[in-house]
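Every chain is numbered from 1, with letters handed out A, B, ... down the list of sequences.
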Protein chains: 2
Amino acid sequence: MAEHPCGTCRFYQDSIWQPLPMASASLLSKGFVRRELAAGETLYHQGSGCRSVYCVSGGLFAIRSIGPDGTSSLMRLAYPGEIIGYRAFLKGGEHSTEASALMPSRVCTVAERDARHVIRASPAVLERIAKRCADGLDQCREQLMSKETVSNKDRLFDLLNRLMSAFGEEAGGGRRVRLPMSRQDLADLIGVAPETLSRLLSRLEREGALRASGRRIEMPADPAQRAAQR
Amino acid sequence: MAEHPCGTCRFYQDSIWQPLPMASASLLSKGFVRRELAAGETLYHQGSGCRSVYCVSGGLFAIRSIGPDGTSSLMRLAYPGEIIGYRAFLKGGEHSTEASALMPSRVCTVAERDARHVIRASPAVLERIAKRCADGLDQCREQLMSKETVSNKDRLFDLLNRLMSAFGEEAGGGRRVRLPMSRQDLADLIGVAPETLSRLLSRLEREGALRASGRRIEMPADPAQRAAQR
DNA sequence: CGCTCGGTTGAGCGTCCTCAACACCCGTGG
DNA sequence: CCACGGGTGTTGAGGACGCTCAACCGAGCG
């Protein structure tokens, strides 16, 4: 019989497609596509109108905004478990950003048509999508807030910590990670010029919070906490 | 018979409660309360859990965030036509901000219970609320964006223009408005220290974009445009 | 009168931006 | 093998902007 397509997913219990009555589940299965993306591949383009709902189930996505002059800037990251593309789905317009994989990644896709079918049959799904949207709003406001209250250096440190805990590995009394993005992207992410980012990294390094060499970042296990505490 | 409670509202055509089948409309009427607030009155408190959905139908509301240390800061304004309180409604948690009237104002309130009843009967309403949430998200990102790209002076000018067109009046070859908030609030709104706000105003004045005296702001009609163009 | 409160003005300072030069990595091509 | 060039990242100098602290001003009020 129709198993729930998210049944084996690591994020099943928090899935927006769950719980679902049997009939809706088989409806969902029809429109459900699991997709692997190589690093650099783009999932959807800014301005495109293909309004699927995507659930990141592995890897990392860059949500970029492309200015009228062609320059693009990394606005935020989407980690496994996050829903992306819901904004265009809810508003029914075009995507206002583009999403591309920063490392080999996987998404589960439900095409707009099918998603709307499922929602018609099970309105609770829409409720859960709306909740994700409200979460996104909270995050955005949080970001706006921290921009005023937290120093760029600290925000960079927080970001690196987040990446470290998501993708890092243990390495002799500390952790190590290979950053999946360029300095330029890193700079965009915390909202600073690349030169400034470089200097912030130097400062963190001088303070003993980390060691950086190219895209390799190492952080001492406990000492970093103590040093960063200051 | 049960008229639609929003029927006579200036924002009826964009109402989230519209269109609605007759049966749902009378359901809505039951939970529908129009409320007048005096300047300074607060609509809901941060941390409170009474999750009505509010529609601003007149006046102006301040959405404030109150820090753990008791200091409050004006995060954003809610103009007539906007829905507020939907975040707590969607997430089912407490309000993360407080809303208070900056001038004599009016809101239309639908209590959580009744709102959920209406939604159960007419899921399209939830869809419209979700859309408003996505709008809010867009606005928030827009704000984040403009923070990086637009100077504080220009952002202040834009804000004053917005207030001017919402609440200003014609006055001898220009427009005039009485600001419904303190300098501190104005400063919070554009994310700047009060001293800096004062200087920004001086600069705008020196450039001929406006004349400010206390809470009175005057803007020349066309010359301002030309002067601001520079 | 003197108080407080909101607002303005001034001085000093830190941070970040811009522009520019330079260092480095790694490919291609001689 | 080495020279070259582009892309990427770092470093330096100079300047703009906003923050903080502090003094001051004016209005409203006991």
Side-chain angles (χ1 to χ4, degrees), chain A residues 39-40 62 64 67 69-74 102 144-160 177-207 210-218 230, chain B residues 39-40 62 64 67 69-74 102 144-160 177-207 210-218 230:
Chain A
R64 289 196 161 84
D69 54 351
T71 62
S72 80
S73 156
L74 183 38
L102 287 172
L144 210 46
M145 202 75 154
S146 77
K147 191 92 190 165
E148 319 252 284
T149 56
V150 184
S151 75
N152 285 335
K153 192 188 68 171
D154 290 350
R155 298 223 324 289
L156 173 60
F157 188 67
D158 292 346
L159 171 62
L160 292 177
V177 72
R178 178 169 181 79
L179 296 179
M181 71 198 82
S182 69
R183 290 287 196 262
Q184 176 69 64
D185 283 346
L186 222 43
D188 288 347
L189 222 37
I190 61 169
V192 114
E195 297 92 326
T196 302
L197 179 90
S198 181
R199 287 184 247 266
L200 290 177
L201 274 176
S202 310
R203 269 171 64 192
L204 283 171
E205 206 155 350
R206 217 171 311 126
E207 294 168 10
L210 52 81
R211 266 185 10 95
S213 143
R215 296 196 171 189
R216 280 223 113 64
I217 302 281
E218 291 180 47
R230 313 271 84 253
Chain B
R64 288 196 161 83
D69 53 352
T71 63
S72 81
S73 156
L74 183 39
L102 287 171
L144 210 46
M145 201 76 155
S146 77
K147 192 91 190 166
E148 317 252 285
T149 56
V150 184
S151 75
N152 284 335
K153 192 189 70 171
D154 290 350
R155 298 223 325 289
L156 173 59
F157 189 67
D158 291 346
L159 171 62
L160 292 177
V177 72
R178 179 170 179 79
L179 296 179
M181 70 197 83
S182 69
R183 290 288 196 263
Q184 176 69 64
D185 283 345
L186 222 43
D188 288 346
L189 222 37
I190 61 170
V192 113
E195 297 94 325
T196 302
L197 180 90
S198 182
R199 287 184 247 267
L200 290 177
L201 274 176
S202 310
R203 270 171 64 193
L204 283 171
E205 207 157 347
R206 217 172 311 124
E207 294 168 12
L210 53 79
R211 266 185 10 93
S213 145
R215 296 196 173 189
R216 281 221 113 64
I217 303 280
E218 289 179 50
R230 314 266 84 255

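- The distance from atom CZ of B/R216 to atom P of C/dG7 is 15 Å, rounded to the nearest whole Å.
- What separates CD of A/E205 from P of D/dT11 is a distance of 9 Å, to the nearest Å.
- A/S213 is linked by a side-chain hydrogen bond (donor to acceptor under 3.5 Å, both in side chains) to nothing, counting only residues two or more places apart in sequence or in another chain.
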Could you give the side-chain donor-acceptor pairs of residues 185-195 of chain B under 3.5 Å, partners two or more places apart or in another chain?
| from | atom 1 | to | atom 2 | distance (Å) |
| --- | --- | --- | --- | --- |
| B/D185 | OD1 | B/R64 | NH2 | 2.9 |
| B/D185 | OD2 | B/R64 | NH2 | 2.6 |
| B/D188 | OD1 | B/Q184 | NE2 | 3.1 |
| B/D188 | OD2 | B/L74 | N | 3.3 |

Just by protein heavy atoms under 4.0 Å, how would nucleotides 19-26 of chain C read 5' to 3' in B, S and -? BB------
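- Of the possible polar contacts, none joining the B/R183 side chain to the B/R215 backbone as a donor-acceptor pair under 3.5 Å is found.
- Rounded to whole angstrom, the span from the CG atom of A/L204 across to the C1' atom of D/dT10 amounts to 16 Å.
- Atom CG of B/L200 is separated from atom C1' of D/dC17 by 10 Å (rounded to the nearest Å).
- With contacts defined as side-chain heavy-atom distances shorter than 4.5 Å, the pair A/R216/A/R211 does not qualify.
- Spacing between atom CG of A/L197 and atom C1' of D/dG9 amounts to 10 Å, rounded to whole angstrom units.
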Pair A/L197, A/N152 - check side-chain contact (heavy atoms from CB on, under 4.5 Å), show working. CA-CA 9 Å; A/L197 179 90; A/N152 285 335; over 6 Å; no
Determine all donor-acceptor pairs shorter than 3.5 Å in which one atom belongs to a side chain in residues 198-206 of chain B; sequence neighbours excluded.
| from | atom 1 | to | atom 2 | distance (Å) |
| --- | --- | --- | --- | --- |
| B/S202 | OG | B/S198 | O | 2.9 |
| B/E205 | OE2 | B/A212 | N | 3.4 |

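- A sub-4.0 Å separation between OP1 or OP2 of D/dC17 and a side-chain N or O of B/T196 is absent.
- Nucleotide D/dG18 holds its C1' atom 15 Å from the CG atom of B/L201, rounded to whole Å.
- Residue-level contact check: B/S202 touches the backbone only, with heavy atoms under 4.0 Å from sugar-phosphate atoms and none from bases.
- Look at A/N152 and you'll find a side-chain N or O under 4.0 angstrom from OP1 or OP2 of C/dC16.
- Residues from residues 182-192 of chain B lying near DNA chain C, meaning a heavy-atom separation below 4.0 Å, are B/S182, B/R183, B/Q184 in numerical order.
- By the side-chain hydrogen bond (donor to acceptor under 3.5 Å, both in side chains) test, B/T71 pairs with B/D69, sequence neighbours left out.
- Protein atom CD of A/E148 is 16 Å distant from nucleotide atom C1' of C/dC16, rounded to whole Å.
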